[in-house]
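Note sheet for the following structure.
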Amino acid sequence: VISVPLGYFCGLGNASKNGVLIKGSAFIDTMAGIDTAVFDKTGTLTLGTLTVESVDIQGAFAKGEILSLAAAAERHSTHPIAKAICSAAGDDILEPVSVQEIAGTGVEAVLADGRTVRVGRPQSEAGDATAVQVWIDGCSAGIILLADVINPAAKDALRQLKDGGVAQTVILTGDNARAAERVKTAVGADVVYAGLMPEDKYEKIEALCKSGKKLMYVGDGINDAPALARADVGVAIGVLGSDAAVETADAVLMDSDLTRLAYGVRLARKTIGVVRGNIVFALGTKLLVLALAALNLVGMWGAVLADVG
């Protein structure tokens with residue numbers, strides 16, 4: 001009897017020792033049956049270390065002014081895009097009077113001089129780069145183009161998952177289709193869905209789950225929390241993840257090495273195999289001794305030994 005919880009205990013311990021924190025034995029059972037892995041893009045398949053490449057000016061504003069005003073709206077955000085814009089703007093960042101954040105869309109800030117600055121999703125695609133559009137007093141001022149770095153472990157992680165029996169790998173992102181396709185090609189994913197709002201990601205997860213797939217979702221941001229909660233197994237990136245993502249997730253990677261995902265799936269399957277083997281061995285031994293006892297070939301103490309181990 002004790003071999004079953006002990007098997008799970010050893011599985012959880014080995015996972016933690018190797019950088020995968022699994023929040024309970026129930027998620028080992030679920031992780032062992034995963035056949036589809038879904039990934040958020042920014043901060044998961046990419047490092048989230050965005051840098052401003054260029055600014056496409058669309059109004060009567062200078063590049064520095066656009067960056068400075070955009071940074072004023074983004075200065076209190078923890079999103080990788082916000083950090084990149086603030087870094088490019090330097091120290092000359094105004095303090096906004098008020099800021100309204102709209103999940104998945106952007107932010108709108110009111111400055112001390114009365115101007116309204118909105119930073120958000122561009123109205124049209126901007127090549128294969130990550131882009132945000134800046135509006136000042138309702139008029140488009142320009143588009144800021146940013147570049148991200150692919151997580152060096154991402155391609156190997158997806159390959160190892162496929163080799164380990166995960167049938168499909170999917171990317172969900174709010175970026176434009178060309179930027180999303182570039183990342184899909186770089187990491188070797190099967191499917192990518194671009195231009196998604198946080199609620200769209202949840203609906204995609206919902207649809208995949210209802211189609212009968214056993215799904216693992218991997219993400220790091222506060223916008224990923226609903227999808228992490230809905231997936232059969234939600235995995236957060238601990239070193240980069242928001243508190244909401246880490247709290248909601250069923251498992252947490254302790255660093256950005258995505259190859260730990262394949263290790264976690266392999267370990268879960270091995271743990272289930274050991275537990276089932278222990279159950280078969282225990283029941284088989286009891287049945288064997290029961291049969292021998294019925295034939296008077298085993299005494300009482302032999303039966304007690306077989307029963308209690």
Side-chain angles (χ1 to χ4, degrees), residues 36-50 70 73-74 76-85 99-109 118-126 129-135 144 146 148 151 154 169-181 183-184 187 189 191-211 213 215-253 256 258:
T36 303
V38 182
F39 296 85
D40 174 50
K41 183 184 80 68
T42 303
T44 302
L45 293 178
T46 65
L47 294 179
T49 53
L50 291 160
E74 296 275 24
H76 297 299
S77 174
T78 59
H79 194 279
I81 289 177
K83 291 180 179 178
I85 292 174
V99 178
Q100 180 183 8
E101 185 167 353
I102 307 170
T105 301
V107 296
E108 184 172 289
R118 182 160 64 92
V119 181
R121 188 189 302 269
Q123 295 175 331
S124 59
E125 289 196 5
T130 298
V132 293
Q133 191 159 358
V134 182
W135 291 267
I144 301 174
L146 305 101
D148 201 352
N151 187 325
T169 52
V170 181
I171 301 174
L172 304 182
T173 178
D175 279 354
N176 66 67
R178 291 176 63 181
E181 191 65 31
V183 175
K184 169 182 173 287
V187 302
V191 182
V192 62
Y193 298 99
L196 301 179
M197 305 284 281
E199 57 269 25
D200 297 328
K201 291 183 181 181
Y202 179 88
E203 290 172 3
K204 287 290 183 186
I205 296 295
E206 180 81 15
L208 288 169
C209 288
K210 286 184 176 179
S211 69
K213 298 182 183 297
L215 190 145
M216 173 173 66
Y217 181 80
V218 187
D220 72 306
I222 189 171
N223 292 335
D224 295 313
L228 288 167
R230 179 60 186 91
D232 295 297
V233 177
V235 182
I237 312 296
V239 69
L240 298 173
S242 68
D243 291 342
V246 172
E247 184 175 346
T248 305
D250 307 312
V252 179
L253 300 186
S256 59
L258 295 179

Open item on the list: Asp148: which residues meet the salt bridge (Lys or Arg N to Asp or Glu O under 4.0 Å) condition with it, sequence neighbours left out?
Closed with: none
Open item on the list: Apply side-chain contact (heavy atoms from CB on, under 4.5 Å) to residues Lys83 and Leu50 and explain how you reach the verdict.
Closed with: CA-CA 8 Å; Lys83 291 180 179 178; Leu50 291 160; over 6 Å; no
- [ ] Output all residues satisfying side chain to side chain donor-acceptor pair (under 3.5 Å) with Arg230, sequence neighbours left out; order by chain, then residue number.
- [x] Glu206
Task: Side chain proximity check, Ile237 to Leu258, heavy atoms < 4.5 angstrom - done: yes
Task: Minimum side-chain heavy-atom gap Thr42-Ile81 below 4.5 Å - done: no
Task: Shortest non-hydrogen contact between Val134 and Ala70, atoms and distance - done: CG2-CB, 3.9 Å
Task: For the student: nearest non-hydrogen atoms of Val187 and Ala154, plus distance - done: CG1-CB, 3.7 Å
Task: Donor-acceptor contact below 3.5 Å, side chain Thr44 vs main chain Lys41 - done: no
TODO: Identify the two heavy atoms, one from Ala194 and one from Ala180, that lie closest to each other, and give their separation to 0.1 Å.
DONE: CB-CB, 3.7 Å
Open item on the list: For Leu47 and Asn151: C-alpha separation, side-chain torsions, deciding distance, then whether side-chain contact (heavy atoms from CB on, under 4.5 Å) applies.
Closed with: CA-CA 5 Å; Leu47 294 179; Asn151 187 325; 3.9 Å; yes
TODO: Would you please test Met197 and Arg121 for side-chain contact (heavy atoms from CB on, under 4.5 Å) and show each step?
DONE: CA-CA 10 Å; Met197 305 284 281; Arg121 188 189 302 269; 3.1 Å; yes
Task: Exercise: identify the closest heavy-atom pair between Tyr217 and Ala231 - done: CB-CB, 3.6 Å
Task: Partners meeting salt bridge (Lys or Arg N to Asp or Glu O under 4.0 Å) with Glu181 (sequence neighbours left out) - done: Lys184
TODO: Please name all residues satisfying side-chain contact (heavy atoms from CB on, under 4.5 Å) with Leu208, sequence neighbours left out, ordered by chain then number.
DONE: Val38, Lys213, Leu215
Task: Partners meeting salt bridge (Lys or Arg N to Asp or Glu O under 4.0 Å) with Lys201 (sequence neighbours left out) - done: Asp40, Asp224
Task: Contacts of type side chain to side chain donor-acceptor pair (under 3.5 Å), residue Thr169, not counting sequence neighbours - done: Asp190
- [ ] List the atom of Ile205, the atom of Ala227, and the distance in Å for their closest heavy-atom pair.
- [x] CG1-CB, 3.9 Å
